[in-house]
Enquirer: 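Below you'll find the structure I mean.
Heads up: numbering here begins at 1 and tracks the sequence. As the structure lists them, so they are numbered: ligands from 1, and atoms in each ligand from 1.
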Amino acid sequence: MNKRIRAVALTLAAALTLGTLAGCGGTSTAEDREIIRIGHNQSTNHPTHIALVAFEEFIESKLGDKYDVEVFPSELLGSQNEMVQLTQTGAINFCVASNSLLETFSQNYTLFNLPYLFASSTAYHASMDDENITGPIFESTKQAGFEAVTWLDAGTRNFYTVNKPIKTPADLRGLKIRVQQSPTNVQMMNLLGGSATPMGFGDVYTALQSKIIDGAENNEMALTDNGHGDVCKYYSYDMHQMIPDILIGNIAFLDALSEEERDIFEEGFELVNQVQREEWVTAVEKAKECAANEQGVQFIYPNTKPFQEACAPMHEAMLEQHPDLAPIYDAIQAYNKQYPSDS
Ligand code: GCU
C-alpha cells in the first residue's frame, strides 16, 4: 500500500469508527443511518464546499432519519484520481472531479477539455445546462461504476508563472508548466510550446515553491485559496480552457435509491449547481482583488489569438477520432454563435 492510499484508508476507517461511535447515547442512532461520503479537493472557503454543505443540509432536512451526509474537503479522502476510484468501487458515494481527469475513464469527456471550445462563459454555461449536450457524456461512465450528476463552475484556466510573464505562446518555450493529468492537457501544452508536467493539484504549491516547475495554469482561486499567488507573480489571461468540475456518484448507490429518494437527490444536485455558481462569481472577484492587492500578482491581458491558433488542430483531431461526438460539438458551436462574447 503506498503512503497516500494508506492515508486514505486510515481516514475512511476513522470516519467509519466515528460514524459508529456518534450513535452511542443519541436519540437518532447513527448506526441506523447510512453515511453518505462526499470528497473534494478544495478548501472549506471554496464555492464547491459551500454548495456541498448546502446539499448535506438539504438531504438531511428531507431524509435525515435515513442518511447522514458527510463532506470531506481538502483531499482528505485522497487526490481527485484516488477519489474517483473510491467512488467507482463504492468505498465513497460521491466526489468532485475535474472533467480533465474523467477523460481517462470515458473518452467522451475529452470534448469538454478541448482548448478554446467555448467562445464565452455564457456559451459555456448554456452548453453545460443543455442535457442534450451533457447527457450522453455524463452517462458514459455507467459501465465504469459511476455517473455524473451535475456540473460545477471552475471558471477559465490561464497560465501563471513565477518569473516570466506570458504574453505570447513563445514565452512558454522552455518553461515547465504543471498541467492536470490528462492526455488532452499534455497535448495542449506541447502545442503551445511549454513542457507539460502533469501532477495532482495538491502537489502544485510545493512544486512551484521548490522550482520543480516554472508555472501552472488554473482559475484565479488557485492563486489565493491554494496560495499559488504567493509564489507566482504573473497571471496571463490567455483563456485557454473552461473546464467544468463534475460531481460524480457511485452507480450502485444511485440505482438503489427509491424513486422518491432519487427525486430528492436530483433536487439536491440541482441545488449544488445553483449555489456553487452563485458563490463562484463573488469568490473569483474576491480572489482577483486579494491576489492583486495582497499577493502582488500582476494580471496580464495578452492577445489570445496566437494561443488559440496553436491549439486549433486539436478540434479537428478530436472530431476525427470521435465522429459520434460531432453532433454535440456542433450544438456547442451553435451556442458559440449565439453568445460570441460575454458583453
Ligand atoms: C481547479 C478545479 C479542480 C482541479 C484543479 C486542478 O481548481 O476546480 O477540480 O483539481 O483545478 O488544476 O487540478
Enquirer: Between Arg178 and ligand 1, which part of the residue brings a heavy atom under 4.0 Å of the ligand: side chain, backbone, both or neither?
Expert: side chain
Enquirer: Which residues pass the side chain to side chain contact (heavy atoms under 4.5 Å, CB included) test with Gln333, not counting sequence neighbours?
Expert: Leu117, Tyr329, Asn336
Enquirer: Ignoring hydrogens and angles, tell me if any N or O in the side chain of Asn41 forms a donor-acceptor pair with the backbone of Glu75 under 3.5 Å.
Expert: no
Enquirer: Considering only heavy atoms of Gln42, which atoms of ligand 1 have at least one such atom less than 4.0 Å away?
Expert: 2 (C), 3 (C), 7 (O), 8 (O)
Enquirer: Hey, is Asp129 close enough to Arg277 for a salt bridge, meaning N to O under 4.0 Å?
Expert: yes
Enquirer: Determine, for Lys288 against Glu220, whether the closest basic-nitrogen to carboxylate-oxygen distance falls under 4.0 angstrom.
Expert: no
Enquirer: Using heavy atoms and a threshold below 4.0 Å, how should the contact between Met221 and ligand 1 be classified: side chain, backbone, both, or neither?
Expert: neither
Enquirer: If we ignore angles and hydrogens, is there a donor and acceptor under 3.5 Å between the side chains of Asp153 and His125?
Expert: yes
Enquirer: Is any side-chain N of the basic residue among Lys66 and Glu261 closer than 4.0 Å to the acidic one's carboxylate O?
Expert: yes
Enquirer: Can you tell which part of Thr48 has a heavy atom less than 4.0 Å from ligand 1: side chain, backbone, both or neither?
Expert: neither
Enquirer: Note the single closest protein heavy atom to atom 4 (C) of ligand 1, along with its residue, its atom name and the distance in Å.
Expert: Gln180 NE2, 3.7 Å
Enquirer: Give the residue and atom name of whichever protein heavy atom lies nearest to atom 1 (C) of ligand 1, and the separation in Å to one decimal.
Expert: Asn218 OD1, 3.4 Å
Enquirer: Check Glu217 against ligand 1 and report side chain, backbone, both or neither, counting heavy atoms closer than 4.0 Å.
Expert: neither
Enquirer: Give the residue and atom name of whichever protein heavy atom lies nearest to atom 10 (O) of ligand 1, and the separation in Å to one decimal.
Expert: Asn41 ND2, 2.9 Å
Enquirer: Checking side chain to side chain contact (heavy atoms under 4.5 Å, CB included) against Ile166, which of Tyr235, Phe307, Tyr160 comes through?
Expert: Phe307
Enquirer: What residue and heavy atom of the protein are closest to atom 8 (O) of ligand 1, and at what distance?
Expert: Asp245 OD2, 2.5 Å
